[in-house]
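Each remark here refers to the structure printed beneath this line.
Note that ligands are numbered from 1 as they come in the structure, with each ligand's atoms numbered from 1 the same way.
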Amino acid sequence: MEKLLSSCLIAIMLVFCCTSVFGQGQAEFKTIKLEPPTLEKGVSIMQALKQRKSVREFSDQQLAVPVLSELLWAANGVNRDDGKRTAPAAMNIQAVDLYVMLQEGVYLYDAVKHELAPVAPGDFRKAAGMQPFVATAPLNLLYVADFDKFKTSQVPDAPEIAKLTWVAVAAGCQAQNVALYCASEGLGNVVRASFDAQKLAEILQLRPAQSILLAQTIGYSK
Ligand SMILES: Cc1cc2nc3c(=O)[nH]c(=O)nc-3n(C[C@H](O)[C@H](O)[C@H](O)COP(=O)(O)O)c2cc1C
């Protein structure tokens, strides 16, 4: 009888542990290893330019990992042996981080490892902007300047206006890379400056030296 009771107790404890970990979706919220891009695909650059446009109606179809992988690589992935990227950056100071808001949570794109590092589990898409489509589109990107990155650069004392211009231009270049990838891949996208920066900074757990420059919503057009 005593043996039966202790077996029951162990079984109950096991069920409790499993539901408290898996039930909250924590088990799935971990680093996502991205796939290398397929380079032999896509429409011509001229066709991509012809098709680029802003889209504001999205279906709720999620992006498959290979598509997400290529999109982030297009944004600012490593494209050369010397570690440089698909997008330019003033003096190659990589001071723009790409936060990736998916249905299951927020991640940070690590371009060198080509993977997504978990930041915050949960569906925060509603907070990605002021327009209703942000809550249901599968992906919102947030381009975040990290002014601390200049401290260890060759220009730590550059004027603030110069630093701001450099990161804004770098973010714009990345967003345009994404827009052209979207045009080629049949995805819709819109870059946005409309968002509650304070609310988003809390969700992304940003430091004071970090500032959200731009957002971009992506998904399949309705
Ligand atoms: C810096 C910037 C901020 C923008 N912010 C928004 C925005 O908050 N919401 C939105 O729907 N579109 C936004 N747009 C998209 C523009 O409205 C759009 O590019 C413009 O109307 C031209 O349309 P097109 O992109 O289809 O050529 C923004 C574009 C830029 C470059």
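Residue contacts with ligand 1: Val191 is placed with a nitrogen or oxygen under 3.5 Å of a nitrogen or oxygen of the ligand (distance criterion only). Considering backbone and side-chain atoms alike, Arg192 places every N or O at 3.5 Å or more from each N or O of ligand 1. Here's the thing with Phe133: none of its N/O atoms is less than 3.5 angstrom from an N/O atom of ligand 1. Note: no N/O pair closer than 3.5 Å links Lys53 and ligand 1 by distance alone.
Transitive grouping of hydrophobic side chains (ILVMFWY, heavy atoms separated by less than 4.5 Å) keeps Val100 and Leu200 in distinct clusters. Linking ILVMFWY residues whenever their side-chain heavy atoms come closer than 4.5 Å, directly or via other members, places Leu102 and Tyr220 in the same cluster.
Nearest to atom 8 (O) of ligand 1 among the protein's heavy atoms is Ser194 OG, 2.6 Å. The nearest heavy-atom contact from the protein to atom 1 (C) of ligand 1 is Leu214 CD1, 4.1 Å. With hydrogens left out, the protein atom closest to atom 17 (O) of ligand 1 is Arg56 NH2, 3.1 Å, a heavy atom. Ranking protein heavy atoms by distance to atom 9 (N) of ligand 1, first place goes to Gln131 OE1, 2.9 Å. Summary of contacts: the protein heavy atom closest to atom 27 (O) of ligand 1 is Arg52 NH2, 2.7 Å.
Of the options Ala175, Ser54, Ala179, the smallest heavy-atom separation from atom 26 (O) of ligand 1 is shown by Ser54. In this comparison of Gly172, Ala193, Ala171, the heavy atom closest to atom 3 (C) of ligand 1 sits on Ala193.
The neighbour count for Met46 CE, taken as heavy atoms of other residues, nucleotides or ligands under 6.0 Å away, does not exceed 12. For Gln198, the CD atom sits in a loose shell: 12 or fewer heavy atoms of surrounding residues, nucleotides or ligands are nearer than 6.0 Å. Under a cut-off of 6.0 angstrom, the local environment of NZ in Lys41 is crowded, with over 12 non-hydrogen atoms contributed by other residues, nucleotides or ligands.
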Criterion side chain to side chain contact (heavy atoms under 4.5 Å, CB included) on Lys113 and Thr31, from CA distance to verdict: CA-CA 11 Å; Lys113 293 182 180 165; Thr31 300; over 6 Å; no
Start with the C-alpha distance between Tyr99 and Leu206, add both sets of side-chain angles, then the distance that settles side chain to side chain contact (heavy atoms under 4.5 Å, CB included), and finish with yes or no. CA-CA 11 Å; Tyr99 285 77; Leu206 300 184; 3.7 Å; yes
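Under the side-chain contact (heavy atoms from CB on, under 4.5 Å) rule, Tyr109 has a single partner from Leu68, Ile32, Leu34, which is Leu34.
Interatomic distance, CG of Leu72 versus CD of Glu35, reported as 12.0 Å (0.5 Å rounding).
Within ligand 1, the atoms closer than 4.0 Å to a non-hydrogen atom of Val190 are 10 (C), 11 (O), 12 (N), numbered from 1 in the order shown.
Protein heavy atoms are found inside the 4.0 Å sphere centred on atom 29 (C) of ligand 1.
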